[in-house]
Structure formats: structure tokens, C-alpha cells
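All values below were derived from every heavy atom in this structure, side-chain atoms included, with hydrogens, water molecules and symmetry-related copies excluded. Atoms within a ligand are numbered from 1 in the order they appear, just like the ligands themselves. Residues take their numbers from the sequence shown, with the count starting at 1.
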Amino acid sequence: MSANLYRSIGDLRGFSLRNCPPMAEPSGVLMCPPDHFQVLAVKNPYMARHVGDVNRDKAKRQWEDLVAAFTAAGCGVSIIPATPGLEDMVFAANSSLAGTRPDGEKVALISSMRHSSRRKETEAFAVWYEAHGYRVARTKTSGHETFEGSGDAMWHPGKRLIWGGHGFRTDPVMFEQVADTFKTPVIQLKLVNERFYHLDTCFCPLSPETVLIYPAAFDAASLELILKIFPIVVTSSEADAVSRLACNAAVWRSKTAIIQKGANAASGHMRAMGLNVIEVDTSEFVKSGGSVYCMKQYLFG
Ligand code: ARG
């Protein structure tokens, strides 16, 4: 096992967040308009009742409001054009993980998607990254292992540390490539509840010290890891986590949280810790199992 991978509390002996080097905050986000967004094949439990049920005009308005929310938070928004036939490309988090290496080089690690209907998305993102100064690194698989980008791999705010979720869309063996690509340690968390099929549906760092989670999404060893590293762990109610994907909020520079409207317990916690909260309606995208966090990719450098 690579020294850079942590799977249990025993592995964390001698590890401290204080010893993790600082990491620049994201410089902006990359988003893809929902021009071809639809719910077609059922890839997660949210989609089951919604096949063919997307209101594309409403989705477009909700997406524009989300762009406005990021802009209002002070976060620049870059746009990648939507490719016809790629109905999930609006979920820009999944096809890659962008970041920097300790020497400052900007790298985009391109995903290996679980579902064949999403595999072509990765090429469109690779082309965008090449045109925008990133070195493109491709995940290597022997055919069946998958990795779904920043849906399952998340930078710790301000630190050279990555949290990696596995169990449904990403295979744990892929985190060796993540750790190597970014020369950064990865703490692995096992997801055990299929409603929470990506890490970004149940784990939302609010600041370097605080995380919002839905505990029943994780196995016991993973909960121990989270409690060991974050001094403050806030939990989401089941209703907020499931019906409003509250843990799929995005927090910009530990200052502004953008979250699905109506997730009142979660947004209350955010306000209590001093975050500005912008509520948006992503209901058309929740039908497909996604909300704020997965509708963008964090960019660096
Ligand atoms: N329908 C998409 C899928 O199942 C939704 C992806 C949402 N992304 C996320 N990171 N939660 O692949």
C-alpha cells in the first residue's frame, strides 16, 4: 500500500492536519449548460421515478440562477459547451478532478466513468483542460475499475489532502493514481448506502475545521476517520440529505455556501457558523441525483 493512502484510524498514526502543507483555494468553477440534460437510464435511486420527466426550460433557468449564485459569491465561472447526446454532462464534477501538484503544476485527472453513457463526457473535458493550461493525466484501468472525479475525490479546504469516497462509482484501488498524480495523501471513506452513491452527496467540508455529513452513508471505520480529522462534524437530517441533497452544497473559500433551497436544518448550521448562505433551486437536477456541488468542477491556478 502506498504510504499516501489512509484507510483506517490505525493508518493515521503520526498524521496531523497541521502537518499537511497549505494548498491554494480554487480559483473558480467550470460549468456546463444543461442544453441536452435529461433523465434517461436509471443510474442512481433518485432517477428511478423521473425518467423522461425533466422540464428543460426550468432546468436552464435553475442552472442560470446557479451561475449567478457562484458569481455573487465572488467565484468566477468558466463554461464548457454541452455536447449533444451527453445528457449528464451538466454534472461537471464527475468527469475529472482538477488540482495542483506541490510544485504548482495544474493537472486534470480524467475519470473512468462507471456507466457507458457517460464515458464520452471525459474527452470533452480533456480538450477543455488542454486549451486552458492544464496537464491532462488519464486514469489507467485494467478494464473494470472506475473513478468518478470530484464526485468521489475532494480537496480538503486549504490543505494538501484529498478525501476519497468509494463503494458505488469509484474503486478504492484508483486512489493510488489520485495520490500519485497530485503528490497528495488520500483518506479513503467507504460509502455503504446507495442513495449516497458519490462522496459529494454525503460529505461537505464547510471550512478547514468543519464538515457537514450524513452519517448513515458511511461505514464505521470511515466515520472514525472523519471524526479524527475534523474538530467539528455537523450532521444533516435524513430529509435534508435525501430529498434536498443538502450535503451536495458548495462552499466558496469558507465564506459562502450555495445550497438547495429548503434544506433548513443544514443551512441553519451554516449560518450559525458564520457562512453567508445563498439558496438556489436545483429541483430539476435532484431528479437525476445531483445538485449544486456536482454541477461544477473546481478550477485551480
Ligand atoms: N445522473 C447522474 C449520474 O447518476 C448524476 C450525477 C451527480 N453527480 C454527483 N457527483 N452527485 O451519474
Side-chain angles (χ1 to χ4, degrees), residues 29-32 34-54 56 59 62-63 66 80 82-83 85-98 109-122 124-125 146-155 162-171 174 178 189 191 193-205 212-214 217-218 236 240-251 258-260 263 280 282-298:
V29 292
L30 176 60
M31 293 178 65
C32 175
D35 298 351
H36 310 287
F37 173 55
Q38 287 189 52
V39 175
L40 296 177
V42 175
K43 297 187 277 278
N44 65 59
Y46 293 87
M47 302 174 86
R49 287 177 301 117
H50 295 294
V51 173
D53 181 28
V54 166
R56 186 88 58 69
Q62 292 183 346
W63 182 85
L66 184 57
I80 178 171
T83 306
L86 300 183
E87 74 274 8
D88 272 336
M89 194 172 163
V90 66
F91 299 111
N94 302 149
S95 321
S96 61
L97 172 66
L109 181 61
I110 304 300
S111 301
S112 297
M113 305 297 285
R114 175 77 71 197
H115 295 95
S116 53
S117 61
R118 298 201 63 185
R119 288 191 193 135
K120 287 203 185 107
E121 292 174 32
T122 58
F125 280 90
T146 57
F147 168 66
E148 293 210 347
S150 60
D152 274 327
M154 225 179 261
W155 288 97
I162 292 171
W163 292 88
H166 61 90
F168 296 100
R169 299 296 187 86
T170 293
D171 290 286
M174 301 302 280
V178 175
L189 304 175
L191 307 176
N193 180 328
E194 68 168 344
R195 279 250 163 221
F196 301 94
Y197 59 96
H198 273 145
L199 183 62
D200 70 10
T201 61
C202 51
F203 180 89
C204 178
L212 170 71
I213 63 168
Y214 182 63
F218 298 96
S236 168
D240 277 0
V242 175
S243 311
R244 293 174 280 279
L245 280 172
C247 300
N248 202 253
V251 179
I258 306 175
I259 184 169
Q260 166 62 33
V280 289
T282 60
S283 57
E284 289 307 302
F285 303 96
V286 173
K287 291 175 179 173
S288 189
S291 183
V292 175
Y293 190 91
C294 56
M295 291 169 69
K296 58 97 191 81
Q297 175 70 229
Y298 279 132

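- Side-chain atoms of Asn44 never come within 3.5 Å of backbone atoms of Glu194 as a donor-acceptor pair (strictly under, hydrogens ignored).
- Between the side chains of Gln260 and Thr282, at least one donor N or O sits under 3.5 Å from an acceptor N or O.
- At a heavy-atom distance under 4.0 Å, no atom of Tyr293 approaches ligand 1.
- Remark: side-chain polar atoms of Ser95 are not paired, donor with acceptor, to backbone N or O of Thr122 under 3.5 angstrom.
- A donor-acceptor pair is defined here as one N or O able to donate and one able to accept, closer than 3.5 Å; such a pair exists between the side chain of Arg114 and the backbone of Phe168.
- By the criterion of a heavy-atom distance under 4.0 Å, neither the backbone nor the side chain of Val39 is placed next to ligand 1.
- For the pair Thr170 and Phe147, the tightest heavy-atom approach, listed with the atom from each and the gap, is OG1-CA, 3.6 Å.
- Given atom 2 (C) of ligand 1, the protein heavy atom at minimum distance is Asp88 OD2, 3.4 Å.
- Contacts between Glu148 and ligand 1 below 4.0 angstrom, taking non-hydrogen atoms only, are absent altogether.
- Taking any N or O of Thr201, backbone or side chain, none lies under 3.5 Å from an N or O belonging to ligand 1.
- Given atom 8 (N) of ligand 1, the protein heavy atom at minimum distance is Asn94 OD1, 3.1 Å.
- For atom 7 (C) of ligand 1, the closest heavy atom belonging to the protein is Tyr197 OH, 3.3 Å.
- Contact atoms of ligand 1 toward Arg169: 3 (C), 4 (O), 12 (O) (distance under 4.0 Å to a heavy atom of the residue).
- Both the backbone and the side chain of Ser288 come within contact range of ligand 1, each with a heavy atom under 4.0 Å.
- For Arg118, every heavy-atom contact with ligand 1 shorter than 4.0 Å involves the side chain, none the backbone.
- Polar contact with ligand 1: absent for Lys43 (N/O pair, distance under 3.5 Å).
- Of all the atoms in ligand 1, the ones that sit under 4.0 Å from a non-hydrogen atom of Cys294 are 7 (C), 8 (N), 9 (C), 10 (N), 11 (N).
- When atom types are taken as modelled, the side chain of Ser288 and the backbone of Val39 share no donor-acceptor pair closer than 3.5 angstrom.
- In this structure, Gly289 has a heavy atom closer than 4.0 Å to ligand 1.
- Looking at Lys287 and Tyr46, their side chains never come closer than 4.5 Å, going by heavy atoms from C-beta outward.
- The main-chain N or O of Ala98 is found under 3.5 Å from a side-chain atom of Trp155 such that the two form a donor-acceptor pair.
- With contacts defined as side-chain heavy-atom distances shorter than 4.5 Å, the pair Leu66/Phe285 does not qualify.
- Counting heavy atoms from C-beta on, the side chains of Tyr293 and Ile258 never come closer than 4.5 Å.
- When each atom of ligand 1 is checked for a heavy atom of Gly151 under 4.0 Å away, the hits are 10 (N).
- Counting heavy atoms only, Asp200 comes closest to atom 11 (N) of ligand 1 of the residues Asp200, Val42, Val286.
- Atom 9 (C) of ligand 1 has His198 ND1, 2.9 Å as its closest protein atom, hydrogens excluded (heavy atom only).
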